[in-house]
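Notes follow once the structure below has been shown.
Everything numeric in this text was worked out from a predicted model, so none of it was measured.
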2 protein chains.
Amino acid sequence: METVNHLTAEDMAVKVLLKSWTTQVDRITDLVAGLSENDLRKEIAPGKNTGIYILGHMVAVHDALLPLLGFGTKLYPELEQIFVKSPDKSGHSFPSVADLKKQWSEINDLLLQHYSRLDFEAWLTRHEAVSPEDFAKEPHRNKLNVLISRTTHMSYHHGQLVLLKNKAQD
Amino acid sequence: METVNHLTAEDMAVKVLLKSWTTQVDRITDLVAGLSENDLRKEIAPGKNTGIYILGHMVAVHDALLPLLGFGTKLYPELEQIFVKSPDKSGHSFPSVADLKKQWSEINDLLLQHYSRLDFEAWLTRHEAVSPEDFAKEPHRNKLNVLISRTTHMSYHHGQLVLLKNKAQD
């Protein structure tokens, strides 16, 4: 099916999904840019995770998308132990906020480059955590599923990081 | 394109997107079911929104999807003034938590019934807040866009409501 703008429905669906991804990335980038190292060292609520832990967690989760989606190896594999396998306040020393911000941008830029090369059908192919045999039985375990899942993951933590803004009410 | 399970790529994409929606709905339903009226009356963090306001806000936003997606009229139009047009603590009296939980389920059940009747191409058609003329120029303003946007909206507030759980750490 072609729309009046000569974009197929399939291409339009990909466009809308990628826009949702980049919107979430940009919101977090902008929010974090407006928070100081001191702000990010605070807990989002008493006794809960700190901003820097949540930021590091998102960097590590997005870094893991590189191998999961078949784009290559992780850039910062050491972050997994600190920010995914361990909870906050586990005794690990954290990278600086400046380094995490830089890694966040670097990884997301790289992901977007790879995303832009995938067409609709490529998004429906398997991700690397499922074998070809299992994928034949469970075809919903595709790259599109991963994209949407990580988009909502960002949104979840965005709703938390926004609490570090002094005047944020939602 | 057909997969081995005879589901087209287009049908698979719709399946994955609806699964993402229902996953978010179910997570919030389960979370809220485990929170008491007293828990939900608390602020998610000092000086921030209360749980009941966030719940009411989500009910009102989902109710508005009925006209926005062309499914009918709102069931509880009075909620918009309290939970969308007004911030928390604006002096409005709130429905009870029990009523909001019931409305949340009722509206989401109804939405899912309507969703299940839309195929891939129908999801790419315009939503009701855009005119046919504008849609011809801006075909990304489609129902799929609304679905994804409201899915991430739920996830955003889920990340906040989870802070009301005593032992929640993420």
For this session: Flag yes if A/L110 and A/V61 sit in one hydrophobic cluster, no otherwise; membership is Ile, Leu, Val, Met, Phe, Trp, Tyr, and two members link when side-chain heavy atoms are under 4.5 Å apart.
Result: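 No.
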Problem set entry | Transitive ILVMFWY side-chain link A/V84 to A/Y53, under 4.5 Å |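 No, no single cluster joins them.
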Problem set entry | Aromatic ring pairing B/F120/A/F120, orientation class (parallel under 30°, perpendicular over 60°, tilted between) |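 The rings of B/F120 and A/F120 sit tilted, inter-plane angle from 30° to 60°.
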Heavy atoms only: give me the nearest [X]-[Y] pair and the separation to one decimal.
X: A/K48; Y: B/K165; answer: NZ-O, 2.9 Å
X: A/A45; Y: B/I44; answer: CB-O, 3.7 Å
X: A/Q160; Y: B/G159; answer: NE2-O, 2.7 Å

Problem set entry | B/M12 vs A/H140, side chain to side chain contact (heavy atoms under 4.5 Å, CB included): CA-CA, chis, key distance, verdict | CA-CA 7 Å; B/M12 178 54 72; A/H140 63 279; 3.9 Å; yes
Value rounded to 0.5 Å, distance of [atom1] in [X] from [atom2] in [Y]:
X: A/R27; Y: B/Y156; atom1: CZ; atom2: OH; result: 8.5 Å
X: B/K19; Y: A/S149; atom1: NZ; atom2: OG; result: 12.0 Å
X: A/H158; Y: B/S155; atom1: NE2; atom2: OG; result: 11.5 Å

For this session: Against chain B, label A/E43 side chain, backbone, both or neither, depending on which of its atoms sit under 4.5 Å from a heavy atom there.
Result: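 Interface part for A/E43: neither.
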Problem set entry | Structural part of A/I54 lying under 4.5 Å from a heavy atom of chain B |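 No part of it gets close to chain B.
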Exercise. Per the side chain to side chain contact (heavy atoms under 4.5 Å, CB included) rule, which among B/T152, B/V16, B/I148, B/T23 passes with A/I148?
Worked result: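 In the set B/T152, B/V16, B/I148, B/T23, the residue that makes a side chain to side chain contact (heavy atoms under 4.5 Å, CB included) with A/I148 is B/V16.
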Exercise. Would the number of heavy atoms belonging to other residues, nucleotides or ligands and lying under 6.0 Å from NZ of B/K15 be above 12?
Worked result: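 It does not: B/K15 NZ has 12 such atoms or fewer within range.
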